[in-house]
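For reference, the structure discussed in these notes is given below.
Read the numbers this way: they start at 1 and go in the same order the structure lists the ligands and their atoms. Quick note: residue numbers are just sequence positions, from 1.
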Amino acid sequence: MLVSPSILSADFGNLDRDIAMVNRSRADMIHIDVMDGVFVPNISFGFPVIKAVQKVAEKPLDVHLMIVKPENYISQVRDCGAEIMNVHQEACLHLDRTVQAIKAAGMKAAVTLNPSTPVAMLEDIITELDMVLLMSVNPGFGGQSFIERITGKTARLRELIEKSGSKALIEIDGGVNDRTAPLLAKAGADIVVAGNYIFKAEDPLAAIETLKNL
Ligand code: DX5
Ligand code: ZN
């Protein structure tokens with residue numbers, strides 16, 4: 001299992017220390033949650049903070065934009081050193097155009113689905129995607145409980161990917177812990193995002209190891 005710790009649950013007063021912990025761990029990337037208070041009912045942080053993370057991070061940045069009109073920020077996201085840019089399907093009127101623009105800017109393109117958005121919405125774009133991010137909570141906050149039906153949705157997405165010949169990886173975000181991650185591994189997930197489970201743990205490195213060893 002690939003693991004992407006979400007710094008939304010990190011200690012922002014000690015961000016360097018928390019990123020250094022992720023650098024030392026076997027985590028595969030760093031998940032960065034940007035919220036605009038419009039697409040989701042919360043505001044997190046923006047580009048100056050991502051730039052500060054970029055300076056210390058030794059892992060690829062997996063940037064999840066919970067914002068309206070993400071297509072307006074592609075070059076800024078790239079300039080923050082993002083390897084993967086996640087945009088919500090629900091936020092993109094011209095999703096194909098946005099996906100192509102992300103790739104043309106030299107990043108991997110990922111599309112995120114809210115819990116209520118069916119996998120079928122991606123049928124006609126799945127072969128263009130590097131990753132699909134399924135939300136297993138309603139986006140906006142860390143520390144929420146896992147929506148159980150996302151395991152079935154993960155399996156359906158796996159089927160669509162196999163059937164279409166797409167190379168997209170499946171990432172799951174929200175309420176991931178040592179109980180839910182094994183269910184997701186079984187359903188065909190490639191990557192799990194985890195915020196609270198890692199950063200609020202007594203031993204965050206051990207929490208990352210638990211997820212890595214699934
Ligand atoms: C939710 C964010 C998640 C969040 C996950 O809107 O997209 O990445 O940080 O946090 P946990 O793992 O605590 O549910
Ligand atoms: Zn996220």
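Note on the Zn ion (ligand 2): protein N/O/S atoms under 2.8 Å are His31 NE2, Asp33 OD1, His64 ND1, Asp173 OD2.
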* To do: Before giving the answer on side chain to side chain contact (heavy atoms under 4.5 Å, CB included), spell out for Asp178 and Leu211 the whole-Å C-alpha distance, their side-chain angles and the decisive distance to 0.1 Å.
  => CA-CA 7 Å; Asp178 53 356; Leu211 298 176; 5.5 Å; no

* To do: Would you check, one step at a time, whether the test side chain to side chain contact (heavy atoms under 4.5 Å, CB included) holds for Met29 with Ile191?
  => CA-CA 10 Å; Met29 43 190 128; Ile191 310 167; 3.6 Å; yes

* To do: Assess whether side-chain hydrogen bond (donor to acceptor under 3.5 Å, both in side chains) is satisfied between Asp62 and Asn86, documenting all intermediate values.
  => CA-CA 8 Å; Asp62 168 30; Asn86 294 277; 2.9 Å; yes

* Asked: Should Val34 and Val77 be marked as a side chain to side chain contact (heavy atoms under 4.5 Å, CB included) after you check the CA-CA gap, both sets of side-chain angles, and the distance that decides it?
  -> CA-CA 11 Å; Val34 179; Val77 171; over 6 Å; no

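Scanning all protein heavy atoms for the shortest distance to atom 10 (O) of ligand 1 gives Gly142 CA, 3.6 Å. Protein heavy atom in closest approach to atom 5 (C) of ligand 1: Asp173 OD1, 3.5 Å. Summary of contacts: the protein heavy atom closest to atom 6 (O) of ligand 1 is Gly140 N, 2.7 Å. When hydrogens are left out, the protein atom nearest atom 1 (C) of ligand 1 is Phe141 O, 3.5 Å; that is the closest non-hydrogen contact. Protein heavy atom at the shortest distance from atom 12 (O) of ligand 1 is Gly195 N, 2.8 Å. Distance from atom 9 (O) of ligand 1 to its nearest protein heavy atom, with residue and atom name: Ser6 OG, 2.9 Å.
The distance from ligand 1 to the heavy atoms of Pro139 drops below 4.0 Å at these ligand atoms: 6 (O). Per-residue contacts place His31 under 4.0 angstrom from the following atoms of ligand 1 (heavy atoms of the residue considered): 8 (O). Within the listing of ligand 1, atoms 7 (O) sit less than 4.0 angstrom from a heavy atom of His64. Near Gly174, meaning under 4.0 Å from any of its heavy atoms, are these atoms of ligand 1: 14 (O). Listed by atom number, the atoms of ligand 1 under 4.0 Å from Leu8 heavy atoms are 9 (O). Remark: ligand 1 atoms within the under-4.0 Å shell around heavy atoms of Asn196 are 11 (P), 12 (O), 13 (O). With ligand atoms numbered from 1 in the order given, ligand 1 contributes 6 (O), 7 (O) to contacts under 4.0 Å with heavy atoms of Met66. Listed by atom number, the atoms of ligand 1 under 4.0 Å from Met35 heavy atoms are 6 (O).
Residue Lys200 places its NZ atom among more than 12 non-hydrogen atoms of other residues, nucleotides or ligands, all under 6.0 Å distant. Heavy atoms from other residues, nucleotides or ligands lying under 6.0 Å from NZ of Lys108 number 12 at most.
Judged purely by atom type and a 3.5 angstrom limit, Asp190 uses its side chain to pair as donor or acceptor with the backbone of Ile170.
Residues Asp11 and Arg17 have side chains in contact (heavy-atom distance under 4.5 Å, counting atoms from C-beta outward).
When only modelled atom types and interatomic distance are considered, Ser44 and Asp33 share no side-chain donor-acceptor pair under 3.5 Å. Counted by atom type alone, Asn177 and Thr180 present one or more donor-acceptor pairs between their side chains at under 3.5 Å.
Checked by distance only, ligand 1 and Gly143 come closer than 3.5 Å through their nitrogen or oxygen atoms. Where the criterion is an N or O separation shorter than 3.5 Å, residue side chain and backbone included, Ala194 fails it with respect to ligand 1. For the pair Gly175 and ligand 1, the shortest N or O to N or O distance falls below 3.5 Å.
Using a cut-off of 4.0 Å between Lys/Arg side-chain N and Asp/Glu carboxylate O, Lys212 and Asp28 are scored as salt-bridged. Salt bridge Arg97/Glu71: absent, no basic N to carboxylate O contact under 4.0 Å.
Using the six-membered ring where Trp is involved, His31 and His64 have ring planes that are tilted, between 30° and 60° apart.
Taking CG of Leu133 as the reference point, atom CD1 of Ile84 lies at 9.5 Å (rounded to 0.5 Å).
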